[in-house]
Each structure stands twice: as C-alpha cells, then as structure tokens.
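Chain letters run A, B, ... following the sequence lines, proteins first, then strands; residues in each count from 1.
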Amino acid sequence: MKTRFAPSPSGHLHVGGARTALFNFAFARRMGGRFILRIEDTDQKRSSDAASLGFLKDLAWLGILWDEGPEFAEGAIACGGGDAAPYFQSQRRETYDALLDRLLAEGKAYRAFDTPEELEAQRRRAAEEKRAFRYQRTTIDPATEARLLAEGRPHVLRLVVPQEPVTIVDAVLGEATIPAGEIDDFVLRKADGFPTYHFAVVVDDELMGVTHVLRAQEHFNNTARHMLIQDALGFRRPTYAHLSIIFNPDGSKMSKRDKDRTLRARVRDLGLDAPPPATVGAARFAAWLADANIQLELEEATRLAAALDVSLPEINVDDFRRSGYLPEVLVNFLALNGWSPGNDLEKFDLAFLCEHFSLERVLRTPAKFDRAKLLAFNIDAINALPRGEFVERARLHGTAFHPEFMERLTPAQFELLMNASHGRSRTLDEPFRGNRWLVTDDDALRWESSKPVRKAMTGASPNGVDHLRGVRPVLEALETWDVPAIETAVTGYAKDHAGEQVGKVAQPLRIAVTGGTVSPPIHDTLALLGKTAVLRRIARALDHGWEQS
RNA sequence: GGCCCCAUCGUCUAGUCUGGUCCAGGACACGGCCCUUUCAAGGCUGUAACACGGGUUCGAAUCCCGUUGGGGUCACCA
C-alpha cells in the first residue's frame, strides 16, 4: 500500500497542501504502507529548484518524512531515495514519451495543431453563446499531418475520449457519475514537449505503485480524466479520496494572493501612490497596484509590509514557523480541519494521527481556517513545555529569525529573557518581537507617546517622574544586580513612597527603560538590561519632556 | 451558465451509516466575575446551532423528495 504527496513547487508549501501531505503520510503509516513525495514540475515557467527545496524543508519541519522521493538531509533528518527515481517529473520525459508513442500508435491519442489563439477564440464564442466549451475533434489526413510535421509546426497530443459516462468511486465522497460528453479530448502533451499534469500524474502513480490517492477536492472532476487515461494505457485504478478545501474565515479560498490583497488594501487606505523607499521599484509598484493579477515576490511583500506596518496573513507553512508556531501544533490543528478522532478528543500529536487516521472519518464539508483557535492551541502547547525545552526552542527560533538578539545578548541574558517570557508568550516569536528595547542602544531608545504613557508619567505629585527620580538612587546603591535584589529595592521603595502600590513605580520604570508600557515583570526587565543601562535610560528619561509628549 | 459535490453554535467539530439514551456534547471565539505592577497567561461562569419546506414513522439532527445557500470544475496551470 502506497500513498503520495505530489506538489508543484511554486512558492512555498501552503497549509492546504500541508494537510494533504499530512493525511497521506498518516494514512500510509496507519496502514503499514509507504509514503512517496514526488515533485510535479512540468510547468517550466512556474517551477524552481529553490521552491522544491523549500517544500522539502517545510515538510520535514512538520515531521512529515517521506519513504521515497527526493533525497533530503538536514541535521539528524535524512529521507528520500527509492527505486522509482527520479522523483522530479521534469526528469521523466522519456518515460512519458514512450507511453505517448504507444497511445499514438494504437490510435488512442492524436496530434492536434490548433494554435492557442484559435482555441481562445472558440472559447470566447462559447462563452458568448452561454454554452460550455468542448474541444471539437478534427480529423486530419495523413498527408497533411506529414506536411505540418515536416514544417515543424507546434502541436499537442490529445486523448481520444470515448463518449461514455464515467463513474468516479471516491472513498470519502461516494460515487458520482459524469455524463457522456462532459469530457472532451484533453491534452496529454503540451507543445513544449512536457506532459500535462493529467498524463504525468497517472503514469507516475502507476509506475511508482501508488495505491491510494488523497488529494484536494478541486481535483475531483479531473479524476474522470485520469480514469480515462488509465483505461487507455491498461493501468490499475488506485483508490481515490478527495479532501475538502480549506478557506479563509470570510469564505474566500485561502491562497497566496491573500498577502497581496492585504497589502493593496493597506496602500489604498493610506492613499499611497508611490512605494516607500527601499521596498519595491516605482514601476513595479505602479504595475502591481494597477493589476490585481500581479503577485509580489515574498521578499518584496515582506519589505512592503514592514514599511507599511501591516502584518501579512499567514498562509504558508513557513509563515507559521516564522510567526512562532510549534510544528506539532500546526500538525494537530491541520488534522482537525477535515478530520477528527471523535469522542471530543482534539489535542493529539503526529504519532496519534498515524495510529488512528482513517478515511471514514474524513469530513466532506470544507473548513474555514481559524487562526484564533490555532493560537489558543499554541498557547496551551507552549505553556505545557518544560521550561528548559521552551528556552531551547526559542534559541532555535532566534537563531533562524532574530540573529540580532543572538548577537547582542549574553547566554545568561538570553536565559533570563526566556525564563521571564515562558508562560506569558503565545508564540516563540513574541519574546523577540515584544522586546526590541533589549537590542536597542541606550541612547537610541525612543519613548512612545500615548495616553497610557502620559498617564503613568505625569499628573499630580508624586507622579511617575517623581518616582523615577526617587527610585533611581535606590537602584544605584544596589551592590548585587539580580532579580531578588531588585525586587526588594523596588517594593521597598513603593512601600515607603507609593502607598505600597508597586505599579505606581513599576510602570514609570518600565516606560523609562523600554520606551513603552509592555514588558516582562519589572524586576526581570531591569535585571535583563543590567544596571548601567537602566541608570543611563532613567537619566535620559528624566530629561524627556513628558508633558508635551 | 453546463456538470459534479456539500449543508449541526460566529468558527472547528461530536452525534448521521445501524431513527428513540440529543429540549443536541466538546473546543476556540465572544460576554460576565476573580486574580494581577504593564501585556499576557490562569481560574470560575454565561450566551449560542440541527438552512428551509414537504414527506416516511409511534418517534427524525439522523431516512426520502424538493427549495435555498455554499463550494469545486469547465487551460497547451497543477
């Protein structure tokens, strides 16, 4: 028994694709079979080696390792290889051509010389007449064909499709019959010599021994085509199972374009007609803004989002990784969209899924991707992590995405930061994103001007500034600079001068040393920064004009 | 528009095959209360759904038909 995941490598692995991979993987494990990864890169324009590698990394990060497929090694992980290599369709052209020749010889396929323009015109006419477009087979006499071939005229290969109804048997959706005439003579090989998706998929699934195909529901109608090819070639029929599609909360299809949509909306809100400096070129920006079909590259989109101060929706597995989600949480949550083990159980890991996954419990209805629930799962999982493991995971995350922290913080500081952050961080990214003040030079710190800040610092005496002035010598006099010592000093000061209301002192201190109203508990914050920086920042804060800020 | 698929709280879902134990269970979100030096986190608690209309049956969320709504697909993209 064998399953497979067969992505086309454009961009990054999207969460919908990740779920498909997950189910195929879990199903193979459950049945004691094998899981194949195959890269469907038959579209030369859209495929790239970089994207392929990204897909492999994303899958491996989730713990979805393939028994057969491209060879991959990273750290302690190594997987891939196999007898049916190569696993990149672009390297399997001779295989497809040999089979295509056979079909041609048997009269089950034929050459078609229509130009894209001609077909487009026919399609337009069909649309005008409000009827579905179906390709009309034209017979061409051998002499003419020989002449066209001799001229080197571009042509495609099409399948001779019998005019009969086709009944699809699907393990999750049941049976569906496509009436005769619904399917026309579709293309098997493109003019550039590459096979179409339909042909390559069927051939490879047969040759690689795939017995079960779990894929997105958008392929449901294609299944009839694939069955027709199998019949023409005399291939076996795998079991099909079509998975519902994952949607955005608003019901739109979750797609990579959502990033562009978010950015365009933001640009419109701001009334921008030129790109912010160092994001994208002016011409590129104008073209992108004018044409909703143009997508920015991920790097461009990221730069623009940073400049416009918006957060891009997480769509790809890599986005969630960057945002600080735990891979086991994503796996758990993805599985819950379209599958459930029953009995009100919803927290489980990959091993559990591999042990219990079944097609019978796959839902037919599409799910909307609820980031709030994903976040809630992430919070629970992070809180349940042993302290040491949280710190270790944060270290890995920081190394990958926040090198500035790793460079500036001593190991002791890093340890302190993460100890203070565990239990109050919802993602692995929050300790970094929320504590920029730690990697800012003392003299470069800027204070945010906002109502809560003014409220904490100004007002009737003794106000925040007064307390700052009062607590500074107390801190300066400390000989040991650690959390207990600071705690004693600050609470002692509050007891004598602020009616035991620690917050009256803590908040001004927090603002003075971090620039804002949010940071880890005040003793941790001060300990983290070190005595010199704290005193320096308080001194600067005392010179700041709080009234007019 | 043709063809195909789907339909339980706002969302993810349990329950549907094998009708009664369901005036529908869990989780997230939301509201309230508590805790609190900020932001979080945490504790307690509340509101909330069988799309609609017909059947079948002693009895329907569960079976049948229709309506409505949603989705997929109609490429030399996958």
Side-chain angles (χ1 to χ4, degrees), chain A residues 6-8 10 40-43 45-47 112 114-116 119-120 123 126-127 129-135 154-158 168 170 173-174 176-179 181-184 186-192 194 196-198 200-201 216-224 242 244-245 247 249 251 253 333 336-347 360 363-377 379-380 382-383 421-426 430 434 452 456 490-491 494 498 501-507 509-511 514 516-523 525:
Chain A
S8 60
S10 54
E40 311 223 324
D41 54 350
T42 53
D43 185 347
K45 292 180 288 292
R46 294 211 268 173
S47 303
D114 316 79
T115 65
L119 293 173
E120 189 43 45
R123 238 173 240 122
E129 292 167 19
K130 282 183 183 283
R131 58 181 170 79
F133 170 73
R134 294 281 124 74
Y135 179 79
H155 61 276
V156 301
L157 255 36
R158 287 179 183 266
I168 302 170
D170 185 287
L173 294 174
T177 300
I178 311 293
E182 270 300 307
I183 300 170
D184 59 11
F186 57 93
V187 175
L188 300 175
R189 187 174 68 194
K190 301 178 261 187
D192 65 6
F194 278 81
T196 58
Y197 157 73
H198 303 297
V201 139
Q217 230 170 73
E218 63 200 60
H219 289 299
F220 188 75
N221 292 276
N222 289 335
T223 306
H242 288 91
S244 62
I245 296 171
F247 291 100
K253 192 171 164 183
F333 188 71
L336 235 31
N337 278 254
W339 184 82
S340 90
N343 294 116
D344 294 335
L345 179 67
E346 56 175 8
K347 297 275 179 71
E360 292 75 47
L363 271 299
R364 290 172 289 279
T365 53
K368 289 175 186 160
F369 195 84
D370 184 358
R371 287 187 182 75
K373 185 159 180 170
L374 172 66
L375 217 213
F377 273 40
I379 292 168
D380 289 347
I382 281 186
N383 285 343
S421 298
H422 190 213
R424 51 191 303 286
S425 301
R426 305 179 304 171
E430 277 187 357
V490 172
T491 49
Q501 288 179 280
V502 181
K504 292 277 185 220
V505 185
Q507 208 51 356
L509 270 173
R510 188 187 321 274
I511 292 166
T514 72
T517 56
V518 178
S519 85
I522 195 63
H523 322 111
T525 298

Engineer: Scan A:D41 against the nucleic acid and name what it touches under 4.0 Å (heavy atoms): base, sugar-phosphate only, or nothing.
Structural biologist: nothing
Engineer: Is A:L345 touching bases, backbone alone, or none of the nucleic acid, heavy atoms closer than 4.0 Å?
Structural biologist: nothing
Engineer: Tell me the partner of B:U36, counting only Watson-Crick (N1-N3 plus N6-O4 or O6-N4) or G-U wobble (N1-O2 and O6-N3) with both under 3.5 Å; none if nothing fits.
Structural biologist: none
Engineer: Give every pair of a protein N or O atom and an N or O atom of nucleotides 35-37 of chain B that lie under 3.5 Å apart, one pair per line with the distance.
Structural biologist:
from  : atom 1 : to     : atom 2 : distance (Å)
B:U37 : O4'    : A:G503 : N      : 3.2
B:U37 : O2     : A:R510 : NH2    : 2.9
B:U37 : O4     : A:H523 : ND1    : 3.3

Engineer: Side chains of A:K190 and A:T196: closer than 4.5 Å at any heavy-atom pair?
Structural biologist: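 Yes, side chains in contact.
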Engineer: Give one of base, sugar-phosphate or nothing for A:F247, where a contact means two heavy atoms less than 4.0 Å apart.
Structural biologist: sugar-phosphate
Engineer: Pairing check on B:C3: which nucleotide meets the Watson-Crick or G-U wobble criteria with it, both distances under 3.5 Å?
Structural biologist: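 WC or wobble partner is B:G72.
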Engineer: Look at all strands and tell whether A:H242 reaches a base, only sugar-phosphate, or nothing, counting heavy atoms closer than 4.0 Å.
Structural biologist: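 Nothing, no nucleic acid heavy atom in range.
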Engineer: Could you check how far CD of A:Q217 sits from P of B:C6, rounded to whole Å?
Structural biologist: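 Nearest whole value for this atom pair: 8 Å.
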Engineer: Checking contacts here: which listed nucleotide (B:C12, B:C4, B:A29) is nearest the side-chain heavy atoms of A:A372?
Structural biologist: B:A29
Engineer: Atom NZ of A:K373 to atom P of B:G26: distance rounded to whole Å?
Structural biologist: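 Between P of B:G26 and NZ of A:K373: 13 Å.
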Engineer: Please confirm whether the shortest side-chain N or O distance from A:S244 to OP1 or OP2 of B:G71 is below 4.0 Å.
Structural biologist: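 No, A:S244 has no side-chain N/O under 4.0 Å of OP1/OP2 on B:G71.
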Engineer: Of all the choices, B:C12, B:C6, B:U73, which nucleotide is nearest to the side chain of A:N337 once you look at every atom?
Structural biologist: B:C12
Engineer: Has A:K347 got a side-chain N or O lying under 4.0 Å from the OP1 or OP2 atom of B:U13?
Structural biologist: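 No, A:K347 has no side-chain N/O under 4.0 Å of OP1/OP2 on B:U13.
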Engineer: What nucleic acid atoms does A:N222 come within less than 4.0 Å of, heavy atoms only: base, sugar-phosphate, or nothing?
Structural biologist: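 The answer is base, as A:N222 lies within the cut-off (heavy atoms under 4.0 Å) of a base atom.
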Engineer: Using the P atom on both, measure B:C30 against B:U11 and round to a whole Å.
Structural biologist: 15 Å
Engineer: For a quick check under 3.5 Å, do A:Y197 and A:N222 share a side-chain donor-acceptor pair by atom type?
Structural biologist: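 The criterion, which ignores hydrogens and geometry beyond distance, is not satisfied for A:N222 and A:Y197.
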Engineer: NA contact type, A:P7, heavy-atom cut-off 4.0 Å: base, sugar-phosphate, or nothing?
Structural biologist: nothing
Engineer: Would you classify A:G174 as touching base, sugar-phosphate or nothing, given that sugar-phosphate means primed atoms plus P, OP1 and OP2, and contacts are heavy atoms under 4.0 Å?
Structural biologist: nothing
Engineer: Classify A:T517 by what it touches in the nucleic acid, base, sugar-phosphate, or nothing, heavy-atom distance under 4.0 Å.
Structural biologist: base
Engineer: Choose from B:C4, B:G42, B:A14 the nucleotide whose nearest atom is closest to any side-chain atom of A:I379.
Structural biologist: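 Shortest atom-to-atom distance from the side chain points to B:G42.
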Engineer: Both distances under 3.5 Å, Watson-Crick or G-U wobble: report the partner of B:G66, or none.
Structural biologist: B:C52
Engineer: In the structure shown, which nucleotide is the Watson-Crick or G-U wobble counterpart of B:A78, with both distances under 3.5 Å?
Structural biologist: none
Engineer: For the residue pair A:V201 and A:H219, establish whether any side-chain heavy-atom pair is separated by less than 4.5 Å.
Structural biologist: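 The answer is no; the side chains never approach within 4.5 Å.
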Engineer: With heavy atoms under 4.0 Å as the rule, sort A:L363 into base, sugar-phosphate or nothing.
Structural biologist: sugar-phosphate
Engineer: For A:V156, answer base if it contacts any base atom (sugar-phosphate contacts may also be present), sugar-phosphate if it contacts only those atoms, and nothing otherwise; contact means non-hydrogen atoms under 4.0 Å.
Structural biologist: base
Engineer: When you get a sec, tell me which of B:C4, B:C12, B:G25 is the closest nucleotide to the side chain of A:A176?
Structural biologist: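 The nucleotide sitting nearest to the side chain is B:C4.
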Engineer: Side chain of A:R364, heavy atoms from C-beta onward: which of B:A7, B:C76, B:G26 has the nearest atom to it?
Structural biologist: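 Between B:A7, B:C76, B:G26, the one nearest the side chain of A:R364 would be B:A7.
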Engineer: So A:R189, base contact, sugar-phosphate only, or nothing? Heavy-atom distance under 4.0 Å.
Structural biologist: nothing
Engineer: Indicate, with a heavy-atom threshold strictly under 4.0 Å, whether A:E40 touches base, sugar-phosphate, or nothing.
Structural biologist: sugar-phosphate
Engineer: Which part of the nucleic acid does A:H198 contact within heavy-atom distance under 4.0 Å: base, sugar-phosphate only, or nothing?
Structural biologist: base
Engineer: Distance between the C1' atoms of B:G69 and B:G32, in whole angstroms?
Structural biologist: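 Approximately 35 Å lies between the C1' atom of B:G69 and that of B:G32.
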Engineer: Can you pull every protein N or O that's under 3.5 Å from an N or O on nucleotides 43-51 of chain B?
Structural biologist:
none

Engineer: Which is true for A:D184 with a 4.0 Å heavy-atom rule: it touches a base, it touches only sugar-phosphate, or it touches nothing?
Structural biologist: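 Nothing, no nucleic acid heavy atom in range.
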Engineer: Nearest-nucleotide wise, let me know which of A:E218 and A:D192 is further upstream toward the 5' end of RNA chain B.
Structural biologist: A:E218
Engineer: On RNA chain B, does the nearest nucleotide to A:E430 precede the nearest nucleotide to A:S340 from the 5' side, or the other way round? Give the residue.
Structural biologist: A:S340
Engineer: Choose from B:C4, B:G1, B:C76 the nucleotide whose nearest atom is closest to any side-chain atom of A:A132.
Structural biologist: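 Of B:C4, B:G1, B:C76, B:G1 is nearest to the side chain of A:A132.
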Engineer: Can a side chain N or O of A:S519 be found less than 4.0 Å away from OP1 or OP2 on B:U38?
Structural biologist: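 Answer no for this pair, as no side-chain N or O of A:S519 is under 4.0 Å from OP1 or OP2.
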Engineer: Is it the case that A:S519 and A:T514 place a side-chain donor and acceptor less than 3.5 Å from each other?
Structural biologist: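 No - no donor-acceptor pair under 3.5 Å links their side chains.
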Engineer: Establish, with yes or no, whether the OP1 or OP2 oxygen of B:U11 is under 4.0 angstrom from a side-chain nitrogen or oxygen of A:K368.
Structural biologist: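 It does, given that an N or O in the side chain of A:K368 lies less than 4.0 Å from OP1 or OP2 of B:U11.
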Engineer: Reckon A:R158 has a side-chain N or O less than 4.0 Å from the OP1 or OP2 of B:C76?
Structural biologist: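 For B:C76, OP1 or OP2 has a side-chain N or O of A:R158 closer than 4.0 Å.
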Engineer: Just name whichever nucleotide pairs with B:U21, Watson-Crick or G-U, keeping both distances under 3.5 Å, else none.
Structural biologist: none
Engineer: From B:A14, B:C3, B:A41, pick the nucleotide closest to the side chain of A:N221?
Structural biologist: B:C3
Engineer: Please tell me which of the listed nucleotides, B:C4, B:C76, B:G42, lies nearest to the side chain of A:I178?
Structural biologist: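 The listed nucleotide nearest to A:I178's side chain is B:C4.
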Engineer: Check whether any side-chain heavy atom of A:Y135 lies under 4.5 Å from a side-chain heavy atom of A:L119, and answer yes or no.
Structural biologist: yes
Engineer: What nucleotide, of B:C12, B:A78, B:U11, holds the atom closest to the side chain of A:T42?
Structural biologist: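 The answer is B:A78.
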Engineer: From C-beta outward on A:R424, which listed nucleotide comes closest to its side chain: B:C39, B:G26, B:C3?
Structural biologist: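 Nearest nucleotide to the side chain: B:C39.
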